[in-house]
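First up is the structure itself, then whatever we jot down about it.
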Number of protein chains: 2
Amino acid sequence: MSEQTAPRTAAGDSTDRPVDRTGGGTGRGSGGTGRGSGGGDVGGPGTVGPEPSTARGEQTRQLILETALRLFRERGYAQTTMRAIAREAGVAVGNAYYYFESKEHLIQGFYRRTHADHVVAAAPALAAETDFAARLRAVLHAGIDVLTPSHAFAATFFKTAAEPTSPLSPFSAQSSEARTEAIRLFEEVLAGSTAKVDPQLRPDLPELLWLGYLGVILYWVHDRSPDQSKTRLLIDGAVPLVDRLVGLSRLRVLRPVTTQVLELIRSLRH
Amino acid sequence: MSEQTAPRTAAGDSTDRPVDRTGGGTGRGSGGTGRGSGGGDVGGPGTVGPEPSTARGEQTRQLILETALRLFRERGYAQTTMRAIAREAGVAVGNAYYYFESKEHLIQGFYRRTHADHVVAAAPALAAETDFAARLRAVLHAGIDVLTPSHAFAATFFKTAAEPTSPLSPFSAQSSEARTEAIRLFEEVLAGSTAKVDPQLRPDLPELLWLGYLGVILYWVHDRSPDQSKTRLLIDGAVPLVDRLVGLSRLRVLRPVTTQVLELIRSLRH
DNA sequence: CGTCCTTTCTGAACGTGTTCAACTTGCGGT
DNA sequence: ACCGCAAGTTGAACACGTTCAGAAAGGACG
């Protein structure tokens with residue numbers, strides 16, 4: 001998809017144009033859904049793509065995104081056509097492309113919302129628990145909880161995230177903001193816990209935990225068991241192991257192994 | 001892609017038909033490319049999809065596949081259109097669909113060839129070495145060696161393999177044959193080695209090594225370093241760790257952990 | 001009111017993967 | 001020779017994602 005080059009041959013002419021239909025006037029209520037305007041939240045460089053709003057056009061943007069996500073959930077990603085999204089939202093198909101670079105980019109809206117929900121769902125446990133394993137377990141389960149209603153269609157597009165060239169890849173530059181935010185959640189898992197961690201492991205651990213979370217999601221996507229119950233088994237089984245491993249990393253005897261592993265990981269990161 | 005439902009609305013009529021062009025007659029030499037015919041190699045159930053050949057039609061099939069793989073390598077997967085494949089192969093576009101269910105299914109031909117090359121490339125080392133780590137390392141490097149010329153375009157479609165609903169997924173029923181074959185390679189790594197493995201781990205180890213290989217490929221796909229040199233680092237760094245881990249699994253003290261991990265994995269497999 | 005400008009919005013048109021009804025071939029039977 | 005008849009082959013047609021030249025809104029300034 002994203003490696004297209006757009007050949008452009010220019011053949012037809014089509015001189016005449018019907019011209020009619022001056023906007024259907026879809027009513028459009030005024031009251032907002034909260035969400036303070038302000039408009040200064042764009043901030044740092046490298047923010048997400050187009051973001052071309054300076055007025056009530058933001059409403060249109062929301063409307064299109066809302067409609068798209070609803071249809072994705074109702075019919076699935078592939079079954080939802082851009083034409084259908086436009087029709088249901090009461091706009092022209094080109095308008096959707098004014099706000100979103102491509103159909104895939106609509107997914108980023110889904111990511112953002114999902115992450116926000118994840119943070120909310122994890123908050124109570126993070127406020128109450130201090131045990132590392134319990135905190136990690138709660139955060140992982142919260143993530144799957146939030147994702148669960150979307151399993152059927154989420155699976156079909158998480159593949160695009162697996163493509164390296166896609167801007168939706170969790171490793172892409174375009175996702176760096178979302179990635180940092182996600183890692184922060186695991187930083188919090190660690191920070192609020194009583195776990196004693198090898199100091200040389202400490203700075204890298206949140207990112208490693210996030211990578212582990214990606215692994216869980218990868219499994220979840222492929223999980224065909226009812227209610228994805230096996231993913232729950234995976235979490236409950238893996239967390240104690242990770243906990244034990246983190247604890248063991250402080251042992252004198254294992255120090256060399258820890259060092260070796262960390263150095264390998266660091267050399268591979270970039 | 002593969003979750004399409006094909007709406008079918010039937011609108012246009014188009015009564016007339018030009019009708020002309022009675023086959024271009026592309027010459028087509030007779031000599032075969034070897035490959036004993038027979039036709040009894042279909043064997044077990046669940047073999048790969050259409051497979052509709054009973055004559056020189058097999059030649060057409062080969063021609064189309066050959067052309068497709070060449071174009072993929074020359075221009076990339078997305079840039080190669082089905083029309084271009086058909087044109088270059090000297091057939092109609094519909095003909096390609098007679099032999100291959102979809103554009104994606106052409107990829108399976110690539111998989112098969114790649115795996116065959118992998119086996120060949122790994123053979124010398126497997127014949128010479130007996131050390132487990134050396135054998136594993138050689139097989140992993142051989143896999144990447146074979147894949148390397150295709151890195152640019154392989155990356156763009158390995159994503160489809162990540163989609164659970166795709167028949168190209170390494171976990172799908174349609175891939176079970178390819179999967180079994182790949183695992184056999186790691187079985188051989190183990191069988192020909194002098195390594196002493198915990199007997200409870202032994203039966204599962206080949207599959208786990210194969211999973212590890214998939215992980216290496218996943219990293220390789222995302223590897224943007226020149227010549228994917230980091231993937232080589234990953235292999236050289238991870239193999240000794242795996243080797244040590246396998247060795248440690250026999251220790252009395254670690255027995256419970258080994259058991260626990262194996263039970264988790266078995267419960268997750270299905 | 002008119003004139004410029006930017007932002008928003010439109011829908012026909014393009015190239016793509018895929019389908020399908022009809023056509024051509026090759027071959028065994030009579 | 002003729003008739004089937006299945007395998008092979010064709011290309012127009014379809015729905016889709018995406019693009020683009022331009023129309024409509026909405027200000028700000030005179």
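Every chain is numbered from 1 and lettered A, B, ... according to where its sequence line falls, protein lines coming before strand lines. Computation of the quantities below employed the complete heavy-atom set of this structure, encompassing side-chain atoms and omitting hydrogens, waters and symmetry-equivalent molecules.
Straight-line distance from the CD atom of Q59(A) to the P atom of dA25(D): 17 Å, rounded to whole Å. The nearest whole Å value for the distance from the CZ atom in F100(A) to the P atom in dG17(D) is 15 Å. Atom C1' of nucleotide dT8(C) and atom CD1 of I64(A) are separated by 10 Å, given to the nearest angstrom. Rounded to an integer number of Å, the gap from Y77(A) OH to dG17(D) P is 8 Å. For the pair N95(A) CG and dG22(D) C1', the computed distance is 15 Å after rounding to whole Å. Between M82(A) atom CE and dT18(D) atom P there is a gap of 6 Å when expressed in whole angstrom units. In this structure, the CZ atom of F72(B) is 9 Å from the P atom of dG17(C), given to the nearest Å. Remark: P of dA12(D) and OH of Y97(B) are 17 Å apart, rounded to the nearest angstrom.
DNA chain C is contacted by both G94(A) and V93(B); G94(A) maps to the nucleotide lying nearer its 5′ end (nearest heavy atom per residue).
For A92(A), counting side-chain heavy atoms from C-beta on, the closest listed nucleotide (dG11(D), dG17(C), dG11(C)) is dG11(C).
Close to dG8(D), at under 4.0 Å from its OP1 or OP2, lies no side-chain N or O of T60(B). In terms of phosphate contacts, Y98(A) brings no side-chain nitrogen or oxygen within less than 4.0 Å of OP1 or OP2 of dC9(C).
Residues passing the ring pair (Phe, Tyr, Trp, His ring centres under 6.0 Å) test with H118(A) are Y213(A), sequence neighbours excluded. Considering only residues two or more places apart in sequence or on other chains, R184(A) meets the side-chain contact (heavy atoms from CB on, under 4.5 Å) condition with E181(A).
For R83(A) against dG17(D), a side-chain-to-base donor-acceptor contact under 3.5 Å is present.
E74(B) and R70(B) are joined by a salt bridge, as a carboxylate oxygen and a charged side-chain nitrogen come within less than 4.0 angstrom of each other.
Judged by the 6.0 Å distance and 45° axis criteria, K103(A) is positioned over the aromatic ring of Y77(A).
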